S.K.: 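Mind having a look at this structure? Questions to follow.
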Amino acid sequence: MLWSVIRHTLWVTLLLLVLSLLSFVILLRDPLNADLVTHNIYTSYFNYLSTLLHGDFGITYNGGKSLIDLILTVLPPTLELCFTALLLAFILGVPLGIISAVNSQHIFAKSLKSLSYVGLSIPIFWLAPILLYVAAVNHWEIASIGQYNLLYEIKPITGFPVIDVWFMDVPYRTKIIQNVLQHLALPTLVLCILPTMEIIRIIQQRAEYVLNQNFAKVATTRGWSKWKILHQYVFRNTFPLLVPQVPRVFTLVLTQCMLVETALGWPGIGRWLIDAVTQQDYNSISAGVVVIGVCIILIDTFIKALTFVLDPFKKKGWYAR
């Protein structure tokens with residue numbers, strides 16, 4: 001276990017160094033940052049690395065605001081959208097994957113399997129405005145732009161309006177909650193398509209493999225019900241495999257989220273970065289690359305630690321001692 005921790009720490013340190021180097025190169029693309037290279041490129045890089053370690057990202061030249069304050073404003077909406085999309089994907093994907101695996105020869109399972117491959121190839125940047133147009137034409141309540149109606153004032157406590165709205169003490173709080181959920185519904189539905197289809201594919205393939213094993217067939221001959229077989233064999237041998245897939249699925253959702261934010265007016269870090277690229281604000285681009293990379297690394301580290309806790313085979317070297 002100790003060697004695994006050391007190896008992962010060295011790998012994370014290397015990734016952070018590469019990330020900071022990439023950020024420094026982007027920063028130097030702006031002629032206004034030429035003063036960063038004072039003596040030589042190496043000294044300037046280590047000075048820049050020192051400022052990053054102190055949490056100082058500098059300022060944006062488009063307005064002169066502190067980048068750390070801007071990031072703390074635009075990052076929570078993106079994380080809120082990604083986490084709600086992943087949550088909905090697990091709620092929909094897990095039971096659909098199990099149902100399609102149990103009835104693998106049924107037309108529903110075959111249709112769902114084909115649909116999962118189609119869902120993985122749908123371009124989100126094309127689907128989001130179409131769904132918004134359909135919802136607006138049919139006067140659906142979810143046809144909303146932004147995070148919530150600007151007529152309402154939600155005091156930031158956690159940075160996530162879907163959580164902060166529950167701490168409000170106003171007579172019309174129910175209306176604000178409804179408005180926040182209406183604005184969250186459409187981007188969440190669009191974003192959850194890809195992870196839902198990926199989870200269905202993983203669950204279906206693994207569950208079919210377990211059900212085709214001899215121990216599952218023997219349990220069937222003993223008169224076990226489908227639910228008992230699922231509980232004893234399928235669930236225990238399938239769900240743990242989803243945990244290591246979370247960082248990859250989260251990265252896919254995060255990249256898709258940037259396109260959805262632009263199409264649906266969501267005030268997240270993806271839309272902010274695309275605006276920064278349009279305005280050639282290299283300071284913002286450099287800071288955004290670091291923040292997104294650190295978020296992915298933190299998610300990956302957390303999932304690996306959770307996998308170590310849940311998977312007994314990860315602990316065999318530790319128990320052997």
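Quick caveat, the model's predicted, so the values are computed rather than measured.
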S.K.: For a side-chain contact (heavy atoms from CB on, under 4.5 Å) check, start with the C-alpha distance between Thr196 and Phe90, then their side-chain angles and the critical distance, and finish with the verdict.
M.R.: CA-CA 7 Å; Thr196 300; Phe90 276 99; over 6 Å; no

S.K.: Tell me whether Ser23 contacts the main-chain N or O of Leu19 through its side chain, where contact means a donor paired with an acceptor under 3.5 Å.
M.R.: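 Flag not set: sc Ser23 to bb Leu19 has no pair under 3.5 Å.
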
S.K.: Set out, in order, the CA-CA distance, both residues' side-chain angles and the distance that settles side-chain contact (heavy atoms from CB on, under 4.5 Å) for Gln182 and Gln178, then state yes or no.
M.R.: CA-CA 6 Å; Gln182 285 174 355; Gln178 180 183 359; 3.1 Å; yes

S.K.: Only one of Ile163, Asp164, Ile154 clears side chain to side chain contact (heavy atoms under 4.5 Å, CB included) with Val180; which?
M.R.: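 Of the listed options, the one satisfying the test is Ile154.
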
S.K.: In Å and rounded to the nearest 0.5 Å, what is the CD1 to OG1 distance from Ile292 to Thr78?
M.R.: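 Answer for the CD1-OG1 pair, Ile292 versus Thr78, is 7.5 Å.
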
S.K.: Looking at Lys304 and Asp300, does any basic side-chain N land under 4.0 Å from a carboxylate oxygen?
M.R.: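 Yes.
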
S.K.: Keeping Trp266 on the side-chain end and Pro187 on the backbone end, is there a donor-acceptor pair under 3.5 Å?
M.R.: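 Such a contact is absent between Trp266 side chain and Pro187 backbone.
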
S.K.: If I compare all heavy atoms of Leu132 with all of Ala263, which pair ends up nearest, and what's the gap?
M.R.: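 That would be CD2-O, 4.3 Å.
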
S.K.: So which heavy atom on Leu81 is nearest to which on Cys257, and how close?
M.R.: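 Minimum heavy-atom contact is CD2-SG, 3.6 Å.
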
S.K.: Report the distance from atom OH of Tyr148 to atom CG of Leu181, rounding to the nearest 0.5 Å.
M.R.: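 If I round to the nearest 0.5 Å, the distance is 14.0 Å.
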
S.K.: Given 3.5 Å as the limit, does a donor-acceptor pair link the side chain of Asn179 with the main chain of Lys175, or not?
M.R.: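 Pair absent, no side-chain N/O of Asn179 close to backbone of Lys175.
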
S.K.: Please check this pair: side chain of Arg271 against backbone of Met258, looking for a donor-acceptor N/O pair closer than 3.5 Å.
M.R.: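 Not at all, since once roles are kept as given, no pair shorter than 3.5 Å links the two residues.
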
S.K.: Which is it for Leu17 and Leu49 under the side-chain contact (heavy atoms from CB on, under 4.5 Å) test, yes or no, and what are the steps along the way?
M.R.: CA-CA 9 Å; Leu17 286 175; Leu49 188 60; 4.1 Å; yes

S.K.: For a quick check under 3.5 Å, do Asp281 and Thr60 share a side-chain donor-acceptor pair by atom type?
M.R.: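 Yes, because at least one side-chain N or O of Asp281 sits under 3.5 Å from a partner of the opposite role on Thr60.
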
S.K.: Return the minimal non-hydrogen interatomic distance between Pro76 and Ile71, and the atom names on each side.
M.R.: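 Nearest pair, atom of Pro76 first, then Ile71: CD-O, 4.0 Å.
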
S.K.: Is a donor on one side and an acceptor on the other found under 3.5 Å between the side chain of Ser50 and the backbone of Phe46?
M.R.: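 No, Ser50 side chain to Phe46 backbone: no donor-acceptor pair under 3.5 Å.
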
S.K.: Just how far is it from atom CZ of Phe250 to atom OG1 of Thr255, taken to the nearest 0.5 Å?
M.R.: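 Rounded to the nearest 0.5 Å, the CZ-OG1 separation comes to 10.0 Å.
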
S.K.: When rounded to the nearest 0.5 angstrom, what is the spacing between CG in Leu191 and OG1 in Thr84?
M.R.: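 Between atom CG of Leu191 and atom OG1 of Thr84 there are 7.5 Å.
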
S.K.: Is there a donor-acceptor contact under 3.5 Å from the side chain of Ser100 to the main chain of Leu96?
M.R.: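 Yes; at least one donor-acceptor contact below 3.5 Å.
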
S.K.: Is the side chain of Glu261 donor-acceptor paired with the backbone N or O of Gly270 at a distance under 3.5 Å, no angle test?
M.R.: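 At least one qualifying donor-acceptor pair exists.
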
S.K.: Looking only at atom types and distance, does a side-chain atom of Arg173 sit under 3.5 Å from a main-chain N or O of Trp166, one as donor and one as acceptor?
M.R.: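 Confirmed, Arg173 side chain pairs with Trp166 backbone.
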
S.K.: May I ask you to decide if the ring planes of Tyr48 and Phe24 are parallel, tilted or perpendicular, using 30° and 60° as cut-offs?
M.R.: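 The rings of Tyr48 and Phe24 sit tilted, inter-plane angle from 30° to 60°.
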
S.K.: Val249 and Leu194: side-chain contact (heavy atoms from CB on, under 4.5 Å), yes or no, with the steps?
M.R.: CA-CA 9 Å; Val249 177; Leu194 188 145; 5.5 Å; no

S.K.: Hey, what do you get for CD (Gln256) to CG (Leu127), rounding to the nearest 0.5 Å?
M.R.: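 The distance works out to 10.0 Å.
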
S.K.: Same cluster or not: Val294 versus Leu72, using hydrophobic residues (I, L, V, M, F, W, Y) connected whenever any side-chain heavy atoms lie under 4.5 Å apart?
M.R.: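 Hydrophobic grouping puts Val294 with Leu72.
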
S.K.: Could you tell me the separation between the CD1 atom of Ile297 and the CG atom of Leu15, rounded to the nearest 0.5 Å?
M.R.: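 Here the interatomic distance stands at 5.0 Å.
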
S.K.: Hey, which of Leu22, Val25, Leu67, Leu27 is the one that makes side chain to side chain contact (heavy atoms under 4.5 Å, CB included) with Ser286?
M.R.: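 Per the side chain to side chain contact (heavy atoms under 4.5 Å, CB included) rule, the option paired with Ser286 is Leu27, out of Leu22, Val25, Leu67, Leu27.
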
S.K.: For the side chain of Asp56 and the backbone of Gly58, is there at least one donor-acceptor N/O pair under 3.5 Å apart?
M.R.: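 The answer is yes, because a donor-acceptor pair under 3.5 Å joins these two groups.
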
S.K.: Kindly say whether His183 contributes a backbone atom to a donor-acceptor pair with the side chain of Gln147 at under 3.5 angstrom?
M.R.: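 Checked: no pair found.
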
